[in-house]
Asks: 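First the structure, which I've put down as C-alpha cells, then a few questions once you've had a look.
Treat the numbers as computed from the prediction; the structure is a model and nothing was measured.
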Amino acid sequence: MKAIKKAVSYFREVFDEMRKITWPSREATIRYSIYVVIVSVAVGAFFAALDFVFNLGLEQLLKV
C-alpha cells in the first residue's frame with residue numbers, strides 16, 4: 001500500500017508541475033523548428049566542406 005501511495009503522490013506532483021508550464025505558441029514552435037533545421041544544415045555543410053578539404057590535403061600528402 002505504501003508503494004501505491006508513493007506512486008499516486010508522484011503522479012499528482014507531476015500533473016501539478018505540468019499545469020505550471022507555459023507552452024510556446026504554434027507560431028513560435030514553427031519558427032524555432034525552422035531555426036533548428038537551418039542551423040543543422042549549416043553545421044552539416046560546414047563539416048562536409050571541412051571533411052572535403054582535409055581529404056584533399058591527405059590525398060596530396062600521401063602522393064608525396
Side-chain angles (χ1 to χ4, degrees):
M1 290 305 283
K2 192 173 183 180
I4 293 174
K5 286 183 180 181
K6 282 186 176 183
V8 169
S9 173
Y10 170 77
F11 284 110
R12 186 172 293 134
E13 290 175 14
V14 168
F15 288 124
D16 288 342
E17 289 298 319
M18 290 291 285
R19 282 191 214 113
K20 296 177 187 176
I21 296 174
T22 55
W23 298 98
S25 67
R26 179 179 174 89
E27 293 79 21
T29 303
I30 291 171
R31 188 171 356 116
Y32 296 147
S33 298
I34 291 170
Y35 292 158
V36 167
V37 169
I38 290 171
V39 169
S40 298
V41 169
V43 169
F46 171 75
F47 281 116
L50 201 60
D51 180 57
F52 179 74
V53 169
F54 283 141
N55 189 29
L56 285 178
L58 185 61
E59 285 178 1
Q60 294 300 318
L61 184 66
L62 291 177
K63 285 183 182 178
V64 171

Asks: Rounded at 0.5 Å granularity, tell me how far CD in Gln60 sits from CG in Asn55.
Replies: 10.5 Å

Asks: Show your working on side-chain contact (heavy atoms from CB on, under 4.5 Å) between Leu50 and Phe54 and close with a plain yes or no.
Replies: CA-CA 6 Å; Leu50 201 60; Phe54 283 141; 3.6 Å; yes

Asks: Check whether Ser9 reaches the backbone of Lys5 with its side chain - one donor and one acceptor, N or O, closer than 3.5 Å.
Replies: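 Such a contact is absent between Ser9 side chain and Lys5 backbone.
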
Asks: Going by the rule salt bridge (Lys or Arg N to Asp or Glu O under 4.0 Å), which residues pair with Glu13 if we only count those two or more places apart in sequence or in a different chain?
Replies: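 Expected list: none.
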
Asks: Could you state whether Val39 and Phe46 fall into the same hydrophobic cluster, counting links through intermediate Ile, Leu, Val, Met, Phe, Trp or Tyr residues with side-chain heavy atoms under 4.5 angstrom apart?
Replies: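 Linked, Val39 and Phe46 end up in one cluster.
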
Asks: Measure the shortest side-chain to side-chain distance between Leu56 and Phe52 over non-hydrogen atoms and say whether it is less than 4.5 angstrom.
Replies: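 Yes; the side chains approach each other to less than 4.5 Å.
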
Asks: Sequence neighbours left out, what passes side chain to side chain contact (heavy atoms under 4.5 Å, CB included) with Ile38? Give chain and number order.
Replies: Ile34

Asks: Any link between Val41 and Ile30 through a network of hydrophobic side chains (Ile, Leu, Val, Met, Phe, Trp, Tyr) touching at under 4.5 Å?
Replies: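 Different hydrophobic clusters.
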
Asks: Are side-chain heavy atoms of Tyr32 and Val36 found at a separation under 4.5 Å?
Replies: no

Asks: Using 0.5 Å steps for rounding, measure from the CD atom of Glu27 to the CZ atom of Arg31.
Replies: 8.0 Å

Asks: Is there a path of hydrophobic side-chain contacts, each under 4.5 Å between heavy atoms of I, L, V, M, F, W or Y residues, that connects Phe11 with Met1?
Replies: no

